[in-house]
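Residue numbering restarts at 1 for every chain, and letters A, B, ... go by the order of the sequence lines. This one's a predicted model, so the numbers in the text were calculated from it and none came from an experiment.
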Amino acid sequence: MNNKEVRVRFAPSPTGGLHLGGVRTALYNYLFAKKHGGSFVLRIEDTDQGRYVPGAEQYIIDCLEWCGISPDEGPHKPGPYGPYRQSERKPNYRKFAEQLIESGNAYYAFDTPAELDSMREQFKSESNPSPQYNSIVRDHMKNSLTLSSEEVKKLLDGGTPHVIRIKIPTSSDVHLNDMIRGEVIFNTDQVDDKVLLKADGMPTYHLAVVVDDYEMKITHAFRGEEWLPSAPVHVLLWEYLGWKENMPLWAHLPLILKPDGKGKLSKRDGDRLGFPVFAMDWEDPKTNEITKGFKEMGFLPEAFINMLALLGWNDGSGEEVLSLDELTDRFSIERIHKGGAKFDFEKAKWFNGEWIKRTNNDTLLPLIKQIFQNNGIDAEVKLLQQIIPMVKDRCHLLNDFIQQSSFFFIAPAEIDTASVKPKWTENKTAFFTKWIEVLQSLPDWDAVIIENEFKKMAEAEQIKPGELQLPLRIMLVGGKFGPPVFEIASLIGKSSTVSRIQNGLQAIEQA
RNA sequence: GGCCCGUUGGUCAAUCGGUUAAGACGCCUCCCUUUCACGGAGGAAUGAGGGGUUCGAUUCCCCUACGGGCUACCA
C-alpha cells in the first residue's frame, strides 16, 4: 500500500442481471476503498460483443446505487482515468499486445476455429480430455513461431484473421501473493497460451484487465475465486509489460454457493428454490422475461448488503446487524474467509426483519405506500403512519405489510371460516348479532372501550371471550394474523367493523 | 484427466496450541399472547478420516476422502 492512494475497481460484464456474488465483490471493493479513503471505480468489461446486453450497464449502476455503494468513477461518473468502458478503450490494447510480440512474449496465431477444433480432437486422449494451446501444441499450429517471417508478413498484410497469444514459458513457477490465500504457486507447464487480442481486435479479459488496472492505477484487485487459475497469466503479463512494481495486490474472494446441492449459486437456483439471485428485477431485453430481484422482493438495501457482507466475512465480534458505516469501519481483508459459503435465504430474511425493525417509520412510509400501490391499494398516509409501527415487528419482507395490514384498507376477500366453523354454536351467532347493535350505539370509537364492551357482553352471555375473539379476528381480517383485534376495529372504524361482522356471520353460517 | 482452492453443528460462523468448542439463522420445548408475529427462557445439533510434530492439537505438517473452481478468439 506504501502511501499510494488506494484505488479499487468493480469490473462486471454487462451481460445480464447483477448476481449476489457480483454485488458482494462490489461491496468489498467499496468497503475497502472507503475504509482507506481511496477511490472505487466501476469499469465495464464489454469486450465480448456477442454477449453484450443493452441496458445491463445502466442496470448495474442502478443496483449499486440502490445498495448505497455507488462508485466514485465510472462510465456514469467520469474521472481522470476514463473511458471506463473497455469497448471505448479498444484502440489502446493492440499496442501492448504488439509490444509483447516485440519482446518475444507473445505471437500471432492464424489458426481458424475449425483448426483449433481439430487440434483439440487430435490431441484429445483419455489422460488429457481437454488439450490446451501450450508450448508443445503451438509448434504444430499456424503461428508466427512456426511460420517464416515472410509468411507471417504476407498473412498479416493480406488481412488474414489472427489473434495474438501470450507465449507462456516452459517449466517455471509463477508466484502469486494473494491477500486472502497467501502464496499460491503455479507451474507454467499447466498454463496455456491464452489469447490476448481477438481476431476482431478486441482484447480478451486477460489483456484488458492488466492494461486497465495499470492505467487506472488500481492498487488492490478483488475478484471471484473462479479467476484464480488464470492469475498466473496476469502476473506474467504484468511482468512482461514491465509494470511488475505496480501490480495490484490480489484478493480472490470465496464463491457464494447453492443452498442445497453443490456448485456456485446461479440464477437458475433462485428460480428453482424461490428466492432472488439478482439485486433488482432484471428484464431480459430479448425475451422480456423478468427475473425477480431482492429489492422488489421486499428487501431493504441495508439488509441486503449487511447479509452479503457477512457471507464470507465477519469482524469476530459476533455482532451481525451492521450498517454500511459500521461495516466500513470494521472491514478487513484478513478476515475474509477462504471457503465458499452456501447462501441461506432464511437468514437473509432474518436480516431484513431486523432492518425493518430498526428503520424509521418515516423512512419506511414511502416504501410501504409504494408496495400497497403495486398491489392496487391506495393507502392513506395518515392511516399508514398508525399502521407501520403496529405491524413492522411482524414483517420480514416489506411485502409482508400487505398480508399484515391490507385489511386496514380493504375488507378481506376471503374468510378463513374453517378455523371457527367446527366450534361454532348458535349462541355465538346470537352474540355477534347483538354485539353489532352494541357497537352501533357506542358513543366513542376507541380500542379500549370496544374491548371492554366486548368482554362485558361475553361475560353476560356466558361465553369465554377467547372463544369469540378468534371469530371476530377472522371476520375483520380474514385469517389468523395481524395486530391486536380491537386496535384493528378501532382503526377501520365503526361502519367497516359492523359490515365485516355482518358479512363474516353470513360466511360462517354458509360454510 | 490435469492444475488450483477449500473442509468446525442443517446453514453462516468464533477460536490465531491448553476453552465446559462462542454467537447467529433454522428447528424443538416452555413463557408472554385466548390470532399470527415480536420478545423472553431453555434444548437438540459441530472439529471428514488416518498419520505425524508437541507435555498437549479444532488450531502446525503430511496423506487420503470429500466439496468447489478452472481447463473458450466468455468474462
Peer 1: Holding to ring pair (Phe, Tyr, Trp, His ring centres under 6.0 Å), I want the full list of residues that pass it with A:Tyr205, two or more places apart in sequence or in another chain.
Peer 2: A:Trp227, A:His234

Peer 1: What is the nucleic acid contact for A:Ser230, judged by heavy atoms within less than 4.0 Å: base, sugar-phosphate only, or nothing?
Peer 2: nothing

Peer 1: Give each stem of RNA chain B as a range with a range, requiring at least 3 consecutive Watson-Crick or G-U wobble pairs whose two distances are under 3.5 Å.
Peer 2: B:1-7 with B:65-71, B:10-12 with B:23-25, B:27-31 with B:39-43, B:48-52 with B:60-64

Peer 1: Check salt bridge (charged side-chain N to carboxylate O under 4.0 Å, His left out) between A:Lys421 and all other residues, then give those that pass, not counting sequence neighbours.
Peer 2: none

Peer 1: Just call it for A:Arg51: base, sugar-phosphate, or nothing, with non-hydrogen atoms closer than 4.0 Å on any strand.
Peer 2: base

Peer 1: Can you find a side chain N or O atom of A:Lys198 that sits less than 4.0 Å from OP1 or OP2 on B:A75?
Peer 2: yes

Peer 1: How would you list, by chain and number, every residue that makes a side-chain hydrogen bond (donor to acceptor under 3.5 Å, both in side chains) with A:Asp416, sequence neighbours excluded?
Peer 2: A:Ser419

Peer 1: Just N and O in the side chain of A:Asn314: are any of them under 4.0 Å from OP1 or OP2 of B:A14?
Peer 2: yes

Peer 1: Could you tell me which residues satisfy ring pair (Phe, Tyr, Trp, His ring centres under 6.0 Å) with A:Phe351, sequence neighbours excluded, listed by chain and number?
Peer 2: none

Peer 1: Polar atoms only, N or O, under 3.5 Å: list the protein pairs with nucleotides 2-4 of chain B and their distances.
Peer 2:
residue	atom	partner	partner atom	Å
B:G2	O2'	A:Gln190	OE1	2.8

Peer 1: Taking only residues two or more places apart in sequence, or in another chain, which ones meet A:Asp193 in a side-chain hydrogen bond (donor to acceptor under 3.5 Å, both in side chains)?
Peer 2: A:Tyr107, A:Arg138

Peer 1: Any residue in residues 458-469 of chain A with a heavy atom nearer than 4.0 angstrom to RNA chain B? Just list them by number, or reply none.
Peer 2: A:Pro465, A:Gly466

Peer 1: Of all of residues 11-26 of chain A, which get a heavy atom below 4.0 angstrom from RNA chain B, listed by number?
Peer 2: A:Ser13

Peer 1: Taking salt bridge (charged side-chain N to carboxylate O under 4.0 Å, His left out) as the definition, give me every residue that meets it alongside A:Glu302, ordered by chain and number, with sequence neighbours left out.
Peer 2: none

Peer 1: Check the interface with nucleotides 37-41 of chain B: list each N/O to N/O pair with the protein under 3.5 Å, or write none.
Peer 2:
residue	atom	partner	partner atom	Å
B:C38	O3'	A:Lys357	NZ	3.0
B:G39	OP1	A:Lys357	NZ	3.0

Peer 1: Near RNA chain B, counting only heavy atoms under 4.0 Å, which residues of residues 338-348 of chain A show up?
Peer 2: A:Lys338, A:Gly339, A:Ala341, A:Lys342, A:Asp344, A:Glu346, A:Lys347

Peer 1: Considering only side-chain heavy atoms of A:Leu470, which listed nucleotide, B:C12, B:U35, B:C73, is closest?
Peer 2: B:U35

